[in-house]
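Report on the structure given below.
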2 protein chains.
Amino acid sequence: MFRINQEFLKFIEDHFQHANDSVGIELVSFESNEILMEQDQIVRNVYLIKSGICKVYFEEENGKEYILEFLSTGEILGELEIIRDETCLCSVKSIIKVEAFKIPKNYFLKLLNGNLSLNKMIIHSFAERIINTSKKASHQKLYSIEYSLTKIMEMQKKNDFEISKSDLSAYLGISIRSLNRSLKSLKENPS
Amino acid sequence: MFRINQEFLKFIEDHFQHANDSVGIELVSFESNEILMEQDQIVRNVYLIKSGICKVYFEEENGKEYILEFLSTGEILGELEIIRDETCLCSVKSIIKVEAFKIPKNYFLKLLNGNLSLNKMIIHSFAERIINTSKKASHQKLYSIEYSLTKIMEMQKKNDFEISKSDLSAYLGISIRSLNRSLKSLKENPS
DNA sequence: TTTTCACTGGGACAAATGTCCTTGATTACA
DNA sequence: TGTAATCAAGGACATTTGTCCCAGTGAAAA
């Protein structure tokens, strides 16, 4: 999250500029709150974020939403489903204005089949996701909410950007009521 | 977890049989409760499990343990750290007798650099881990304990193998007291 | 056989979290 | 300007979960 992966971005920007039109890479943009990918739908493109921020979330059968991560510049979405040839595992929505390179499924697969350095980039981005997701899961089960909350608040400040309370609570996997309580307790007791 | 990845296993078994000795792949075995990888230590080898089951867990600073997943036949460990050139992110311990191929770091890196099909296998195994870890995190935050507990109990039965209560509670991220309560409630009300 | 020890399960209480609902503030609209 | 509608914050209570501890069981040692 909020890791700027220049390497990835450079790789695709080069392809965008030099590849011929038939390749089909486009630069597209989304306003705030637009859906880039919808859970259980068929994936036709990979997106690489050029600017802006998205949330990646599960819509659970009990109606609740769980935000896995936030994606920003240089991060990719849709690749996992295309690699596994599956429908979308989760939904992705812009939370501020987003610009992204849209890469058609077939071209992405073709690149993946012949290009070792793209494979390496995917491996590294997957590795980072595994670590983030694992640590988040552990922290959210074994530490107090305040612990994870402090971390994400610091990150917000550092990146000068604000996550809504409803997104914050979905990220932490708690109710807004509990989030309010924790925010209050952090304010009163800023350890 | 308990996914038998024959493809991976076949790949390494071929290398084990045909590569010359200098490659350094060895078949090693561990009794129950032996440590294969220790958090924060340097990783010198990748292991590919031939038989048996391991637990992969974080040892948190507050003394608690969180089990991320259980690994069995055809699953790999240590590769993520070697790829990222980092110390162990988590610890891995056998919970029953384990046989595994031990692959030296340098040989693994060499393969990774030239072999597209190994890259593909790593990508697929990472993808699966991302999905498992993400779903587990979401379920553990948004559903009752009984939900995850039922799932893992079914899996235990299907694979004819028993996880200790202390490992079960570390996998679910709850105390043994809560686990006992949930087990009792499942027995009284087997929905 | 008796005693001690270690371990497991569960009771009792405390703390954390969720649900429901009221209140107050802000916005939209007549 | 006044009224209705909407939304966020927090009170009150219920439920869940954790912590602490005790009793019962079984195993090991005297």
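Each chain gets a letter, A, B and so on, in the order its sequence line appears, and its residues count up from 1. Values below: every heavy atom of this structure, side chains too, minus hydrogens, waters and symmetry copies.
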Give the rounded distance in Å between these two atoms: [atom1] of [X] and [atom2] of [N].
{"X": "A:Lys187", "N": "D:dG10", "atom1": "NZ", "atom2": "C1'", "result": "12 Å"}
{"X": "B:Asn180", "N": "C:dT8", "atom1": "CG", "atom2": "P", "result": "10 Å"}
{"X": "A:Leu186", "N": "C:dA16", "atom1": "CG", "atom2": "C1'", "result": "15 Å"}
{"X": "A:Leu142", "N": "D:dT19", "atom1": "CG", "atom2": "P", "result": "11 Å"}
{"X": "A:Lys165", "N": "D:dG10", "atom1": "NZ", "atom2": "P", "result": "7 Å"}
{"X": "A:Leu179", "N": "C:dT17", "atom1": "CG", "atom2": "P", "result": "11 Å"}
{"X": "A:Ile176", "N": "C:dC21", "atom1": "CD1", "atom2": "P", "result": "17 Å"}

Open item on the list: What's A:Ile174 touching, base or sugar-phosphate or nothing? Going by heavy atoms closer than 4.0 Å.
Closed with: sugar-phosphate

TODO: Please work out if A:Ile145 contacts a base, only the sugar-phosphate, or nothing of the nucleic acid, heavy-atom cut-off 4.0 Å.
DONE: sugar-phosphate

Open item on the list: Rounded to the nearest 0.5 Å, what separates atom CD in A:Glu162 from atom CE in A:Met153?
Closed with: 8.5 Å

Among the candidates [options], find the nucleotide nearest to the side-chain atoms of [X].
{"X": "B:Arg177", "options": "C:dC20, C:dG11, C:dT17", "answer": "C:dG11"}
{"X": "A:Lys64", "options": "D:dT19, C:dT19, C:dT17", "answer": "C:dT19"}
{"X": "B:Arg181", "options": "D:dA9, C:dC20, D:dT19", "answer": "D:dT19"}

TODO: Check whether any side-chain N or O of A:Lys136 sits under 3.5 Å from a backbone N or O of A:Tyr171 as a donor-acceptor pair, and report yes or no.
DONE: yes

Task: Backbone of A:Leu89 reached by a side-chain donor or acceptor of A:Glu81 within 3.5 Å - done: yes

Open item on the list: Return whichever of A:Lys184 or A:Lys141 has its heavy-atom-nearest nucleotide of DNA chain D closer to the 5' end.
Closed with: A:Lys184

TODO: For residues B:Ile82 and B:Phe108, report the shortest heavy-atom separation together with the two atoms involved.
DONE: CG2-CD2, 4.0 Å

Task: Phosphate contact (C:dG18 OP1 or OP2) by A:Ser175 side-chain N/O below 4.0 Å - done: yes

